[in-house]
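Here is the structure we will look at.
Every value quoted in this text rests on a predicted model; they were computed, and no experiment measured them.
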Amino acid sequence: MIVSRAMAYACLMVFAGMLVLIAGLMILLTIVQMARGETIPDLGARAIGAVIAAGLAPLCRALARRLV
């Protein structure tokens, strides 16, 4: 039981970190494309994806802390 909780905690914390990284990279990609003057294919979808990724990260962290 302790090992499964530890694994779930670790996986949720890593997943939360990955979600923050993904959201940051999506924002950085948008900024770089705008600075270079390139057309952004679907800005709305990218913005929604970044917001969802950034919003799920605290949920994963809260769930991980609740397991401990």
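- With rounding to the nearest 0.5 Å, the separation of CE in M34 from CG in L43 is 7.0 Å.
- Applying the salt bridge (charged side-chain N to carboxylate O under 4.0 Å, His left out) definition to pairs two or more places apart or across chains, those involving residues 18-42 are R36-E38.
- Each side-chain hydrogen bond (donor to acceptor under 3.5 Å, both in side chains) pair with one or both residues in residues 5-18, not counting sequence neighbours, would appear here, but there are none.
- Sorted pairs that involve residues 10-25 and meet side-chain hydrogen bond (donor to acceptor under 3.5 Å, both in side chains), not counting sequence neighbours, are lacking altogether.
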Please output the side-chain donor-acceptor pairs of residues 45-67 that fall under 3.5 Å, not counting sequence neighbours, one pair per line with the distance.
residue: R46; atom: NH1; partner: T30; partner atom: OG1; Å: 3.3
residue: R46; atom: NH1; partner: Q33; partner atom: OE1; Å: 2.8
residue: R46; atom: NH2; partner: Q33; partner atom: OE1; Å: 3.4

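- No path of Ile, Leu, Val, Met, Phe, Trp and Tyr side chains, each step under 4.5 Å between heavy atoms, connects L19 with V14, placing them in separate hydrophobic clusters.
- M13 and V68 fall within a single hydrophobic cluster, where Ile, Leu, Val, Met, Phe, Trp and Tyr are joined by side-chain heavy atoms under 4.5 Å apart, directly or via other members.
- Annotation: the span from L28 atom CG to L21 atom CG amounts to 10.5 Å, rounded to 0.5 Å.
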